[in-house]
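Being a predicted model, the structure only gives us computed values, none of them experimental.
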Amino acid sequence: MTEAGSSKRRFPRAAEVLAALLLLAAAGLLLRVGYRHYMRTMYPMAYTELVEACAAEYGFDPSLVYALIRTESDFDPDACSSADARGLMQMTDETFEWAQRRAGRTDLLSADQLYDPEISIRYGVYALSLMREKYTHIPTLLAAYNAGMGKVGQWLKDPRCSDDGATLKEIPYTETRDYIDKVLDAQEMYRELYDLK
């Protein structure tokens with residue numbers, strides 16, 4: 001076989017390898033784009049103006065507020081739990097009334113107003129900010145949002161649950177432990193998918 005014949009065979013093979021590599025790279029890119037698109041449908045950013053305005057007003061990362069809403073209601077403004085928590089941020093009547101009174105409202109809104117996304121997000125983030133006055137550690141704050149401040153106060157006094165009276169090392173309620181994990185995992189996804197804080 002001549003040297004010229006042998007180089008003719010080598011070039012088509014190199015071209016085939018290059019074409020295969022380009023095809024694999026394109027497939028990889030499509031998979032990444034598809035994965036990102038799919039994950040963004042699973043972790044949507046709805047009510048963006050409200051979320052970002054309230055997060056900024058009360059000093060929270062928007063990613064935390066999005067994660068809370070996704071975990072609480074999956075962005076369904078008509079959500080209502082078995083405990084009668086309502087709206088996007090799933091506030092109970094008692095928490096909603098407490099937040100309104102702390103905001104200085106004398107003409108209290110009815111609990112049905114929590115189905116309004118603006119009311120739910122505004123008072124939900126405000127209630128979270130009030131809880132943060134007492135609980136600065138984010139997992140403890142989330143425990144208070146889920147289980148109630150009274151329950152978290154009891155746990156913080158229990159040496160089996162807290163070493164320092166400010167952070168929880170153990171949470172007796174499985175639901176609350178799972179809730180905290182879901183919110184924090186969702187927050188990481190929001191940060192990753194949308195380059196949020």
Side-chain angles (χ1 to χ4, degrees), residues 15-92 95-96 112-129 131-132 135 137-148 168 171 173-197:
E16 288 169 7
V17 168
L18 181 59
L21 288 174
L22 288 172
L23 190 60
L24 281 172
L29 178 63
L30 284 173
L31 281 173
R32 278 195 304 280
V33 168
Y35 170 78
R36 191 171 185 83
H37 175 73
Y38 171 75
M39 292 308 290
R40 282 185 170 195
T41 63
M42 298 299 293
Y43 293 85
M45 278 181 47
Y47 309 103
T48 306
E49 285 184 29
L50 284 169
V51 168
E52 306 226 350
C54 290
E57 183 177 350
Y58 296 111
F60 288 104
D61 291 341
S63 59
L64 180 65
V65 179
Y66 285 119
L68 245 170
I69 294 171
R70 182 187 183 275
T71 303
E72 288 287 352
S73 66
D74 205 19
F75 290 90
D76 177 4
D78 298 320
C80 186
S81 75
S82 57
D84 206 27
R86 303 170 193 199
L88 291 170
M89 295 196 66
Q90 290 291 280
M91 292 179 70
T92 61
T95 302
F96 184 41
D112 284 340
Q113 291 291 116
L114 287 168
Y115 294 121
D116 177 336
E118 183 172 2
I119 299 292
S120 184
I121 293 170
R122 180 156 303 285
Y123 278 98
V125 177
Y126 178 61
L128 196 65
S129 76
M131 292 174 193
R132 187 180 52 196
Y135 310 114
H137 181 245
I138 294 295
T140 305
L141 175 62
L142 293 173
Y145 194 87
N146 177 259
L168 293 168
I171 298 171
Y173 289 0
T174 303
E175 177 191 329
T176 302
R177 282 195 308 269
D178 292 346
Y179 173 83
I180 293 167
D181 290 342
K182 284 179 190 173
V183 173
L184 294 178
D185 289 347
Q187 182 179 25
E188 279 308 306
M189 288 303 299
Y190 276 103
R191 286 175 170 163
E192 179 185 323
L193 291 169
Y194 299 100
D195 298 321
L196 294 173
K197 281 186 168 185

**OP:** Mind telling me whether Tyr190 and Tyr194 have parallel, tilted or perpendicular rings, with 30° and 60° as the class edges?
**Re:**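 Ring orientation of Tyr194 relative to Tyr190: parallel.
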Original post:
Relative to the ring of Tyr47, is the ring of Phe75 parallel (under 30°), tilted (30 to 60°) or perpendicular (over 60°)?
Top reply: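 Parallel, since the angle between the ring planes stays under 30°.
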Side-chain contact, heavy-atom cut-off 4.5 Å: [X] with [Y]?
X      : Y      : result
Cys80  : Asp84  : yes
Asn146 : Ile180 : no
Leu128 : Phe60  : yes
Val51  : Val125 : no
Pro139 : Leu184 : yes
Tyr145 : Thr95  : no

I need the [X] [atom1] to [Y] [atom2] distance, nearest 0.5 Å.
X      : Y      : atom1 : atom2 : result
Met89  : Ile119 : CE    : CD1   : 13.5 Å
Ser63  : Glu188 : OG    : CD    : 8.0 Å
Leu50  : Ile69  : CG    : CD1   : 8.5 Å
Leu114 : Ile121 : CG    : CD1   : 11.5 Å
Glu52  : Asp61  : CD    : CG    : 11.0 Å
Gln113 : Arg122 : CD    : CZ    : 14.0 Å

Can you check whether [Y]'s main-chain N or O pairs, donor with acceptor, with [X]'s side chain at less than 3.5 Å?
X      : Y      : value
Asp116 : Glu118 : yes
Arg40  : Leu193 : yes
Arg86  : Ser120 : no

Taking atom types as modelled and ignoring hydrogens, do the side chains of [X] and [Y] form a donor-acceptor contact shorter than 3.5 angstrom?
X      : Y      : result
Gln187 : Tyr43  : no
Arg177 : Thr174 : yes
Tyr179 : Glu72  : yes

Shortest non-hydrogen contact from [X] toward [Y]:
X      : Y      : answer
Gly59  : Arg132 : O-NH1, 3.0 Å
Tyr66  : Ala46  : CE2-O, 3.5 Å
Ser73  : Leu88  : OG-O, 2.7 Å
Val183 : Ala67  : O-CB, 3.4 Å

